[in-house]
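All values below were derived from every heavy atom in this structure, side-chain atoms included, with hydrogens, water molecules and symmetry-related copies excluded.
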Number of protein chains: 2
Amino acid sequence: MATPESGATLESVASAAGVSRQTVSNVLNAPERVAPETRQRVEEAIQALRYRPNRSARSLRTRMSNLIGYCVPPAAAGNLNPVLDRFVHAVTESAAQHGFHVLLFTAPAGDAGLDRYAELLAQRAVDGFVLADTVVADPRPRWLTEQSVPFVAFGRSWSGPDIGRWVDVDGAAGMTEAVEHLHALGHRRIAFIGWPEGSGVGDDRVAGYTAACRRLGLDPRIVRAEGGAGTGRALATTLLDGDDAPSALVCVSDDSAYGALRALADRGLQPGEDVAVVGFDDTPAARLPGVDLTSLSQPIEQIGREVVQMLLGLLGVVVTPPGPEHRLLRPSLVVRASSRPAGPGPAAPTEA
Amino acid sequence: MATPESGATLESVASAAGVSRQTVSNVLNAPERVAPETRQRVEEAIQALRYRPNRSARSLRTRMSNLIGYCVPPAAAGNLNPVLDRFVHAVTESAAQHGFHVLLFTAPAGDAGLDRYAELLAQRAVDGFVLADTVVADPRPRWLTEQSVPFVAFGRSWSGPDIGRWVDVDGAAGMTEAVEHLHALGHRRIAFIGWPEGSGVGDDRVAGYTAACRRLGLDPRIVRAEGGAGTGRALATTLLDGDDAPSALVCVSDDSAYGALRALADRGLQPGEDVAVVGFDDTPAARLPGVDLTSLSQPIEQIGREVVQMLLGLLGVVVTPPGPEHRLLRPSLVVRASSRPAGPGPAAPTEA
DNA sequence: ATCCCATCTTTGAACGATCAAACGCACGCT
DNA sequence: AGCGTGCGTTTGATCGTTCAAAGATGGGAT
């Protein structure tokens with residue numbers, strides 16, 4: 001008996017336990033209001049009937065969907081993917097600990113995409129948003145703030161005043177650490193392979209490089225171009241073939257760094273031995289044998305947790321100490337063969 | 001006037017248009033029942049008030065959440081990520097065209113994870129599931145079928161009888177094409193770098209290799225080991241250093257292939273010139289300059305569309321011709337430098 | 001003995017949509 | 001004139017939950 005039908009409701013649990021709807025509801029939402037023995041009887045009935053509150057009904061009444069909207073970035077942006085993948089995972093996991101789930105949707109970039117956000121809000125399909133892939137002049141933070149919609153971004157609002165709450169990686173600090181690392185290894189001619197000015201993320205990273213050079217008394221040397229590995233290769237080639245070729249290359253991204261590694265291979269130079277290379281993002285390919293790229297790893301899981309924490313704070317789901325509106329987390333330098341002479345140290349078994 | 005308050009309801013639209021609730025509802029769900037002039041009046045009111053039906057209320061009444069559950073695979077499975085990333089995007093986009101969204105959740109692998117699925121069902125939080133990352137002895141297809149829960153898998157149910165609906169990539173056909181491609185280039189000693197037996201996906205792929213060898217009168221030569229690039233490198237090394245070294249390597253995955261490429265580089269061999277290498281998955285790194293790996297590309301976007309189509313068919317949302325329960329799609333071979341002599345042909349500009 | 005109060009529990013009314021059935025009305029047929 | 005028919009519209013009930021307020025119960029304090 002007590003078939004665990006899928007159709008258990010508050011009412012059916014109530015009659016099974018010999019109490020009223022509201023008492024069952026209280027057992028779930030405010031247990032302290034219910035007498036201990038009643039509570040136990042109700043809990044047993046809940047178990048027996050495998051009761052779970054219907055989410056739609058609850059949402060309708062409470063005006064909370066317990067869903068967080070996340071826009072999956074336009075297909076095949078290419079380079080950022082592995083990072084965002086981990087981010088989504090982290091957000092999903094953190095959200096689950098508070099009974100929240102992530103609702104995915106797609107939207108075109110720029111103003112055209114705002115409609116999708118508006119639609120979800122009007123339908124009360126989500127309680128708030130997690131933003132990723134924020135770019136310069138991204139319309140979303142301002143718009144969401146104007147509509148007083150709860151949201152937290154992974155990535156600063158790069159243009160204009162700092163809008164809304166965000167968590168981000170301190171790219172500048174990371175690059176500074178990279179330069180210091182290379183300097184400690186004895187490198188004195190350290191060049192930077194970057195993106196064109198105006199990209200936010202790229203400017204942040206190059207700033208850290210420049211600052212470190214200043215502090216260490218090195219001459220900053222920066223080359224820039226749009227793109228990934230292809231252009232990284234071209235830029236590195238120019239540097240290596242020019243006068244006063246650098247002994248170390250700091251790259252704005254792993255993708256550029258892969259290009260740089262290729263440029264080294266083109267001319268028979270050994271990464272880490274002849275020229276050191278450092279990337280940014282610690283993408284999966286960086287640890288491939290034969291690549292072994294030193295790179296700055298972003299604390300993605302922590303970022304996901306903090307983003308969710310902030311958002312649930314805005315939603316009043318968790319009580320957070322009135323912390324700062326922003327969090328800037330340091331990436332950590334993962335040193336691999338591309339910036340380490342092969343000679344000293346044990347032959348580290350490269351991980352698959 | 002007519003402030004576009006966020007609180008527009010069916011009732012408020014109705015009174016604005018001078019009709020009843022139900023008529024407004026009909027305009028949205030069954031326009032043909034409403035007289036044209038009435039319809040227009042109602043549509044104007046909807047526009048003016050920016051009305052969108054409340055999803056919770058609708059779900060409560062219709063017992064459909066219009067959400068599709070998708071379990072984000074346990075963190076950092078590593079190799080499959082870029083593929084699944086595209087898959088999620090495709091599913092999200094296809095679902096959106098029918099008013100559906102994707103709900104993300106996490107679950108431990110194996111039986112332990114089934115609770116999470118059960119929970120979502122009991123809450124009526126989702127209407128069905130999209131499965132990915134199905135493995136041998138995956139408990140989910142059977143369990144979901146027993147509960148008569150609508151679901152479609154990306155990936156066959158590898159063990160036992162074929163359970164439920166799925167869409168998958170014909171790995172065997174892909175590998176056959178790879179072998180034929182190499183054969184056409186003149187290769188006669190083609191070896192296969194694979195995974196240990198029993199992995200489903202791996203067995204499928206090696207079967208295609210073996211079949212092609214038979215048909216072409218070649219001696220199949222198969223080496224196997226668990227893992228990715230690291231083991232790929234080791235296996236390739238053994239092959240290249242042994243007697244009767246192969247002139248071409250077909251690898252069960254891009255990751256293995258990266259290891260094989262490394263093994264070539266270790267001994268100064270030129271991919272495509274001295275030894276050809278083919279991978280599987282067409283991961284982003286395959287097109288990096290300096291990698292340029294020939295690989296089998298899965299039609300992920302199409303798979304996503306078909307999965308959604310099937311699932312919405314099961315849910316009765318779209319009427320599908322009573323098609324087959326399974327779809328097997330062919331991957332396409334993307335030929336790059338690793339299986340093509342550099343000599344002939346224009347110097348293809350490698351894409352960033 | 002009376003009253004008040006705290007504790008625990010129940011009752012009615014929402015939340016915003018859809019389903020099912022009833023209603024009004026003009027039309028054509030007998 | 002009377003009647004069935006079909007179309008367009010409205011009405012009441014319902015989905016399952018939580019909110020707000022009211023009811024029961026027992027135990028001190030006066």
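Within the nucleic acid shown, A:Ser59 has no heavy atom closer than 4.0 Å to any nucleic acid atom.
Between B:Phe105 and B:Gly69, the closest heavy-atom pair is CE2-C, 3.9 Å.
In this structure, CZ of A:Arg33 is placed 18 Å from P of D:dG23, rounded to the nearest angstrom. Atom CE of B:Met64 is separated from atom C1' of C:dC19 by 16 Å (rounded to the nearest Å). Summarising the geometry, the separation between CD1 on B:Ile46 and P on C:dA17 is reported as 10 Å, rounded to the nearest angstrom.
With A:Arg156 as reference, A:Asp168 is the one residue of A:Asp138, A:Asp162, A:Asp168, A:Thr134 to meet the side chain to side chain donor-acceptor pair (under 3.5 Å) rule.
Listed for the B:Asn26 side chain is no donor-acceptor partner under 3.5 Å among the backbone atoms of B:Val34.
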Produce the list of close N/O pairs, under 3.5 Å, pairing protein atoms with atoms of nucleotides 12-21 of chain D; give distances to one decimal.
unit_1, atom_1, unit_2, atom_2, d
D:dG12, N7, B:Arg21, NH2, 3.2
D:dG12, O6, B:Arg21, NH2, 2.8
D:dT14, O2, B:Arg61, NE, 2.9
D:dC15, O3', B:Arg63, NH2, 3.1
D:dG16, OP1, B:Arg63, NH2, 2.6
D:dT17, OP1, A:Tyr51, OH, 2.4
D:dT17, OP1, A:Asn54, N, 3.0
D:dT17, OP2, A:Leu10, N, 2.4
D:dT17, O5', A:Tyr51, OH, 3.4
D:dT18, OP1, A:Asn29, ND2, 2.8
D:dT18, OP1, A:Arg58, NE, 2.9
D:dT18, OP1, A:Arg58, NH2, 2.9
D:dT18, OP2, A:Ser25, OG, 2.7
D:dT18, O2, A:Arg61, NE, 2.6
D:dT18, O2, A:Arg61, NH2, 3.3
D:dC19, O4', A:Arg61, NH2, 3.2
D:dC19, N4, A:Gln22, OE1, 2.6

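Remark: the A:Gln47 side chain and the A:Glu43 side chain contain no N/O donor-acceptor pair separated by less than 3.5 Å.
If you look at B:Phe129 and B:Tyr70, their ring centroids are not closer than 6.0 Å.
A:Thr23 has no side-chain polar atom (N or O) that falls below the 4.0 Å cut-off from OP1 or OP2 of C:dC8.
Aromatic ring orientation, A:Trp143 versus A:Tyr117: perpendicular (interplanar angle above 60°, classes split at 30° and 60°).
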